[in-house]
Amino acid sequence: MTADTPAADLLYGESEDDLRAAVRALLAARSDPATVLADLEAGRACDTGLWDALANGIGAAGLLIPEEFGGAGASAREAAVVLEETGRSVARVPYLTGAVVAVTALLGCGTGRPPVGALLTRLAAGTVAVLAVPLPTAPDQPFRTARPTVRATADGTLHGTVTTVADAVCAEVLLVPADGPDGPALYAVEVPAAGVATTSLTPLDLTRPLATLTLDGAAGTPLATGERAVAAVRGALTAGAGLLASEQLGIAEWCLTTAVAYTGTRTQFGRPVGSFQALKHRMATLWLDIASARAAARNAADALATGSPDAPVAVAVAQAYCAPVAVRAAEECLQLHGGTGMTWEHPVHLFLKRAKSDESAFGAPGRHRAALAELVDLPAP
Amino acid sequence: MTDAADLRERTARLLAAHPPATTAPLDFLRARFDAGLAWVHFPEGLGGLDAPRALQPVVDAELAAAGAPGNNPGRLAIGLGMAAPTLLRHGTEEQRRRHLRPLWTGEEVWCQLFSEPGAGSDLAALATRAVRDGDRWVIDGQKVWTSSAHLARWAILVARTDPSLPKHQGLTYFICDMTAPGVEVRPLRQITGEAEFNEVFLTGVSLPDSHRVGEVGQGWEVARTTLMNERVAIGGAATPREGGMIGIAAADWRARPDLRTHDLHQRLLTLWVEAEVTRLTGERLRQQLAKGAPGPEGSGMKLAFARLAQQISGWDLEFLAEDGLTYDDWALRRPESVDFTGREAGYRYLRAKGNSIEGGTSEVLLNIVAERVLGLPPEPRTDKDVAWKDLPR
């Protein structure tokens with residue numbers, strides 16, 4: 001496991017470049033930082049028009065869904081490119097939660113089961129589903145160190161509360177891990193429905209809505225039970241953690257580009273401040289970190305796309321490395337803007353809040369390093 | 001156009017005419033050079049066949065399989081990596097014919113007389129003088145950090161021919177005969193105890209004008225060819241996971257459960273992740289190069305390598321506790337080539353300190369990334385247009 005792993009394809013293919021161009025053009029027109037900020041002030045939780053254009057116009061919703069269910073039958077490599085772009089524009093779309101995590105969870109339930117196939121078909125057409133777990137849940141936690149807080153009774157109804165569920169306010173379907181009568185299980189719950197309450201929280205990251213779900217006798221459709229349910233949830237969170245690295249790469253890139261542009265023109269002491277070595281060395285260091293983050297993120301995306309046995313290592317490495325890079329890039333971008341960076345008007349705070357929340361999402365860096373300790377045989381004392 | 005099949009056929013002919021088992025190694029290397037199989041991308045008659053550089057491994061694999069002798073490239077690093085590409089690009093036909101064959105076979109070792117005590121990062125400020133004397137030049141000055149000078153037959157040399165011009169304009173590039181009267185080589189002992197490098201004192205050294213490379217006053221442009229090849233040479237080859245320094249640290253961790261602490265564990269995992277990501281970054285760069293689209297990431301590889309080597313070797317020394325308190329040998333050794341990981345932890349820690357200095361300091365490399373890759377405005381430079389002799393020193 002620690003040596004002789006075949007080299008992943010770390011570059012971008014031609015079709016990936018084309019996909020990026022389409023997504024970037026859409027987000028530049030519909031989700032520039034000023035628009036995101038204005039929308040937030042108007043109190044709109046989900047940008048359903050933008051989601052429709054991304055999901056159906058470009059077909060991004062179905063990238064990971066097989067063609068027989070109306071998807072594109074593409075892979076995590078393509079989804080990663082979409083996420084680089086949604087990161088670069090802090091787009092308010094449930095792409096990571098819906099088109100990556102929820103879709104991967106369903107694929108793990110076995111596509112031959114009728115309710116699973118039916119849901120995949122709806123998701124390929126733009127219906128939003130989210131996995132009902134707290135956003136910081138790491139791939140190795142559910143059913144192990146984090147018991148489900150939802151209980152399923154024998155009559156198929158669900159009871160319990162799940163906190164900090166990302167994008168739940170945009171969702172029409174909740175995928176709920178629960179302790180069922182026969183052990184671990186994953187259920188689908190339609191919303192809105194009787195017995196389901198979605199309470200919005202005030203999120204640190206303004207661009208990713210969070211909610212508390214309260215299930216009080218909600219009707220659930222069983223999708224998987226036992227080890228299959230455990231594996232489906234773990235696979236979904238592994239994909240989420242691995243591809244979040246690409247979003248973090250996009251965030252970091254926007255922050256560096258913006259800092260370079262600003263310090264190249266902002267003049268103090270009779271010189272552009274970007275000509276001072278104390279500042280330019282910090283930006284050069286960031287550039288190096290971002291080049292490395294790109295390699296780590298591509299490696300994780302390729303490992304997920306090919307189903308490589310190295311995927312758990314590649315994902316843990318990517319998340320342990322890319323999460324702090326995005327945070328550092330946002331923090332540096334703010335500092336390099338001086339007072340301007342502290343204003344509500346300048347969009348850098350949106351990136352800082354996203355980066356800092358992303359750091360906790362799907363397991364903080366230290367949790368991924370702890371996972372690596374087991375995976376690569378560097379045991380704790 | 002020479003293709004892989006053609007190269008295999010030529011290699012087979014070479015092996016048939018000069019069977020390695022019954023041919024003296026030097027005779028074989030000379031024959032290989034004359035067959036154009038030394039470096040296939042060089043011109044015909046100069047050890048090559050004007051073939052794509054990417055085809056060299058075809059020849060190397062065939063020769064290795066046949067047990068043919070090599071030219072010990074580690075010992076010839078300066079000649080192969082820096083002098084040869086510079087002579088090829090800027091040398092006269094006579095210089096190329098005289099020097100490239102013994103340079104490649106290892107009959108003549110080369111060294112590089114560039115850095116000076118007063119010209120390190122600011123190489124263009126160098127002070128060694130070259131004064132014309134009829135059809136010869138007389139060289140006076142001091143060079144430093146010269147690897148292989150004690151083994152070298154020849155050197156590439158940059159000297160100042162016109163102090164009244166700004167620093168970049170008054171330089172000229174020469175081939176220096178290291179056996180000439182007035183060349184004195186002294187070992188420069190490092191913090192590791194050994195002396196990989198030398199100080200070279202040049203006192204009234206007389207060189208013929210035919211040893212000049214490029215025009216008088218064009219020394220900086222010629223030297224840039226040399227330095228660009230140096231950075232490429234330092235970039236590093238493909239490594240497997242846990243290759244290099246991190247592999248040693250991980251092996252130490254696995255071997256000594258008694259020394260483990262939580263603090264060291266956290267730091268090791270962080271370093272392991274950074275080493276793995278740096279390895280992937282290098283792999284990505286190689287994939288770009290293979291597609292003929294090199295990215296600017298290369299500028300950063302040496303920086304990342306130096307930082308990691310220093311942090312990992314420092315971690316290792318701390319982890320080893322008692323074993324980290326002793327050193328293998330402080331004797332003044334004269335190694336022929338450098339091996340960053342070849343000795344014990346104390347040596348690795350001390351030698352790694354040089355990684356962020358040699359071949360361009362990390363600070364200068366950050367400037368290069370900031371200005372050439374990111375396009376940030378340059379520092380104001382007060383010395384660029386001033387006559388070298390009038391610069392403050």
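Just so you know, these numbers use all the heavy atoms, side chains as well, and skip hydrogens, waters and symmetry mates. Below, read A as the first sequence line, B as the second, and so on, with proteins coming before strands; counting in each chain starts at 1.
Of the atoms belonging to Thr285(A), heavy atoms from both backbone and side chain fall under 4.5 Å from chain B. Of the two parts of Glu363(B), the backbone and the side chain both hold a non-hydrogen atom closer than 4.5 Å to a non-hydrogen atom of chain A. Using a 4.5 Å cut-off between heavy atoms, Leu279(A) makes no contact with chain B at all. Within the 4.5 angstrom heavy-atom criterion, no atom of Ser362(B) approaches chain A. For chain A, the nearby parts of Ala250(B) are the backbone and the side chain; heavy atoms of each come within less than 4.5 Å.
The most heavy-atom pairs under 4.5 Å with chain A, out of Leu280(B), Thr278(B), Thr261(B), Leu303(B), come from Leu280(B). Ranking Leu374(B), Leu285(B), Leu259(B), Asp258(B) against chain A, the residue ahead of the rest is Leu374(B), based on heavy-atom pairs under 4.5 Å. Options Glu274(B), His262(B), Gln288(B), Glu276(B) differ in how many heavy-atom pairs under 4.5 Å they form with chain A, and the most are formed by His262(B). With chain B as the partner, the residue from Asp9(A), Val273(A), Leu11(A) showing the most heavy-atom pairs under 4.5 Å is Leu11(A). Note: Gln277(A) leads Gln277(A), Arg298(A), Arg294(A), Met283(A) in heavy-atom pairs under 4.5 Å with chain B.
Contact between Pro272(A) and Pro377(B) at its shortest, heavy atoms only, is CB-CG, 3.6 Å. Taking all atoms of both residues into account, the shortest heavy-atom contact from Ala370(B) to Ala284(A) is N-CB, 4.1 Å.
Side chains of Leu10(A) and Thr281(B) form no contact here, defined as non-hydrogen atoms less than 4.5 Å apart. For the pair Val369(B)/Lys280(A), no side-chain contact is recorded, criterion being any heavy-atom separation below 4.5 Å from C-beta on. Counting heavy atoms from C-beta on, the side chains of Arg271(A) and Pro380(B) come closer than 4.5 Å.
In Arg367(A), the CZ atom is not crowded: 12 or fewer heavy atoms of neighbouring residues, nucleotides or ligands sit closer than 6.0 Å. Within a 6.0 Å radius of CD in Glu379(B), more than 12 heavy atoms belonging to other residues, nucleotides or ligands are found. Heavy-atom contacts from other residues, nucleotides or ligands closer than 6.0 Å to OH of Tyr347(B) number more than 12.
Contact annotation for residues 358-366 of chain A against chain B (heavy-atom separation below 4.5 Å): no residues qualify.
Rounded to the nearest 0.5 Å, atoms CG (Leu376(B)) and NE2 (His281(A)) are 10.5 Å apart. Here the straight-line distance linking atom CG of Leu288(A) with atom NZ of Lys302(B) works out to 12.0 Å at 0.5 Å rounding. The CZ atom of Arg284(B) sits 10.5 Å away from the OG atom of Ser292(A) when rounded to the nearest 0.5 Å. Atom CZ of residue Arg260(B) and atom CG of residue Leu378(A) lie 8.5 Å apart, to the nearest 0.5 angstrom. Atom CZ of residue Arg254(B) and atom CG of residue Asp377(A) lie 5.0 Å apart, to the nearest 0.5 angstrom.
Not one N or O on the side chain of His265(B) forms a donor-acceptor pair closer than 3.5 Å with the backbone of Ala373(A). Under the 3.5 Å distance criterion, the side-chain polar atoms of Arg369(A) are left unmatched by any main-chain donor or acceptor of Gln266(B). Distance alone, capped at 3.5 Å, places no donor-acceptor pair between the Glu283(B) side chain and the Ala295(A) backbone.
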